[in-house]
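Note on naming: letters A, B, ... go to the chains in the order of the sequence lines (proteins, then strands), and numbering restarts at 1 for each one.
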2 protein chains.
Amino acid sequence: MKLSGGVEWAVHCCVVLSQAEAPVPAQRLAEFHGISRTYLAKHLQQLSRAGLVRSTEGRVGGYALTRPADEITVLDVVLAIEGREQAFRCTEIRQNGPLPASPQACRKACGVARAMHAAEQAWRDSLTAVTVADLAAGVEDDAGPGTFDRVREWLAT
Amino acid sequence: MKLSGGVEWAVHCCVVLSQAEAPVPAQRLAEFHGISRTYLAKHLQQLSRAGLVRSTEGRVGGYALTRPADEITVLDVVLAIEGREQAFRCTEIRQNGPLPASPQACRKACGVARAMHAAEQAWRDSLTAVTVADLAAGVEDDAGPGTFDRVREWLAT
DNA sequence: GCATTCATACTCGGATATACTCTGTCCGAGTTCTGCAGG
DNA sequence: CCTGCAGAACTCGGACAGAGTATATCCGAGTATGAATGC
C-alpha cells in the first residue's frame with residue numbers, strides 16, 4: 001500500500017497548469033517544483049495518455065489542461081498515474097484446498113473482497129469530491145492572494 | 001497503489017482461526033487455502049508481531065487469535081501486513097523552486113496532502129467498520145450453515 | 001506399576017536468493033521560431 | 001520593403017539502466033509429546 005511519489009508531482013503540476021494561460025514546458029514545471037525534469041516528463045506523458053493534459057511540440061510547446069480545472073478531480077490524476085486497476089485483487093483462494101467454495105456460493109464476490117472494494121470505493125469517492133480548482137483556491141487561501149500572479153509572472157519569464 | 005497479495009491470505013486465515021478451538025499450524029492454513037506454506041509463514045509472523053495472533057511452538061503448536069474475532073477489524077489485519085505508514089507521503093515540494101511557500105503558510109499541510117489524507121482516512125474508516133466476526137458470519141450466509149463445522153472437522157484430522 | 005529421562009517429531013522464527021516494479025536517465029522525432037537571401 | 005526558405009533551437013515521446021521492494025524459499029532454534037528405562 002504505497003502511492004507512487006509521482007502522484008504528488010502530477011497533482012501539483014495540474015494546479016500550476018490551471019493558472020497558466022500558455023503551454024508550460026516540462027522543464028519549467030520541473031524547476032518550479034525543484035524536481036527531476038526527465039522523470040517528471042514520464043509522469044506528464046501518463047497524464048497526456050489519460051487525456052487530462054494536451055501536449056504541444058515545438059519551440060513554444062508545453063503542457064496545458066484539456067478541461068476546465070473544476071472538471072478535473074484529484075481521482076482523475078491519481079488514476080492516470082497509478083493506473084485504473086483496483087488496489088486489491090481477489091485471487092479467489094476460497095476455491096482452493098480441500099474444502100473449496102461451491103460455484104453456487106461464488107456467484108457473488110467473497111466477503112473479504114466486498115469489504116476491500118467498499119473501502120476502496122470510499123477512498124475514490126473522497127478523491128472525486130476534490131477538484132484541481134478546489135486545490136488552487138486553497139493555495140490562494142493558504143499562501144495569500146496574489147500568489148498565482150507571481151507564478152504567472154515567473155512562468156512568463 | 002497496489003496491495004500486497006498477502007493481505008488476502010492474512011484476512012482469510014484470520015477468519016479460519018476465528019472458528020478453530022485449537023492452535024492451527026501454518027502448514028494447515030496453507031494447504032487449506034492452497035497457497036505456499038513458507039511464504040504464508042512470513043505473513044503470519046507479521047500478524048504475530050502486530051499482536052493479532054499468538055504463536056505456540058512445539059508439537060501441537062500453531063496460531064490462534066489473541067482477541068475475540070469481533071474485536072479484530074479488517075484494518076488491523078491490513079495494517080499488520082502493509083505497515084502502518086500512510087500510503088501518501090508529502091515531500092513538501094511546494095517549498096522548493098524559485099517561489100517556495102512561506103514558512104507561515106506551511107504551518108498547515110498543503111491542500112494536496114489534506115485531500116489525500118482525507119481519502120485515506122475514509123478508506124480506513126470503511127475497513128474499521130468490518131470485523132473478522134462479520135466476515136465469518138458472511139461466509140455462513142454465502143456458503144450455507146454448517147460450513148464451519150466441516151472446516152473444524154477437517155482441521156481436527 | 002510409576003516416575004524420570006531422553007530421543008523424537010513437530011512447530012515457529014529469522015536469514016537467504018530471485019523477480020518485478022518504481023525510480024531515474026538518455027537520445028531521437030517533430031515542430032516552430034528566426035535570420036537571411038531573393039524578388 | 002515583402003515573401004519564401006533554410007537552419008537552428010526547443011519541445012515531446014519512447015527506449016534504456018539502476019535501486020528498492022515484494023515474492024518465494026531454506027535451514028536452524030525451541031518445545032511438547034511419547035516411549036523407554038530404572039526403581
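Side-chain polar atoms of B/E8 and A/T91 form a donor-acceptor pair below 3.5 angstrom. Between B/Q46 and B/H43, the side chains place a donor N or O and an acceptor N or O closer than 3.5 Å (distance only, hydrogens not considered). Under the 3.5 Å distance criterion, with hydrogens and angles disregarded, no donor-acceptor pair is assigned to the side chains of B/T128 and B/D125.
When rounded to the nearest whole Å, the span between CG of A/L47 and P of D/dG13 equals 11 Å. Spacing between atom CD of B/Q27 and atom C1' of D/dC26 amounts to 15 Å, rounded to whole angstrom units. When rounded to the nearest whole Å, the span between CZ of B/R28 and C1' of C/dC12 equals 17 Å. The CZ-P distance, from B/R59 to C/dC10, rounds to 6 Å in whole Å. Rounded to a whole Å, the CD atom of B/Q46 is 12 Å from the C1' atom of D/dT23.
Results of the side chain to side chain contact (heavy atoms under 4.5 Å, CB included) test with B/I72 over B/L17, B/T131, B/L65 single out B/L65 as the only residue that passes.
The two residues A/L40 and A/C13 have their closest heavy-atom pair at CD1-SG, 3.9 Å.
Across the interface with DNA chain C, nearest-nucleotide mapping of B/V60 and A/G58 shows B/V60 to be the residue nearer the 5′ end.
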Sequence neighbours excluded and cut-off under 3.5 Å, please list the side-chain donor-acceptor pairs for residues 52-64 of chain A, or say none.
{"unit_1": "A/T56", "atom_1": "OG1", "unit_2": "A/G62", "atom_2": "N", "d": "3.3"}
{"unit_1": "A/T56", "atom_1": "OG1", "unit_2": "A/G62", "atom_2": "O", "d": "3.4"}

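A cation-pi arrangement is found for A/R28 relative to A/W154, the charged atom lying closer than 6.0 Å to the ring centre and inside a 45° cone about the ring normal.
Under the 4.5 Å side-chain criterion, counting only non-hydrogen atoms from C-beta, B/V139 is not in contact with A/C110.
For the segment residues 19-26 of chain A, residues with any heavy atom less than 4.0 angstrom from an atom of DNA chain D are, sorted by number, A/P25, A/A26.
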Heavy-atom protein contacts under 4.0 Å, nucleotides 13-28 of chain C, coded B base, S sugar-phosphate only, - none: BBB-------BBBB--
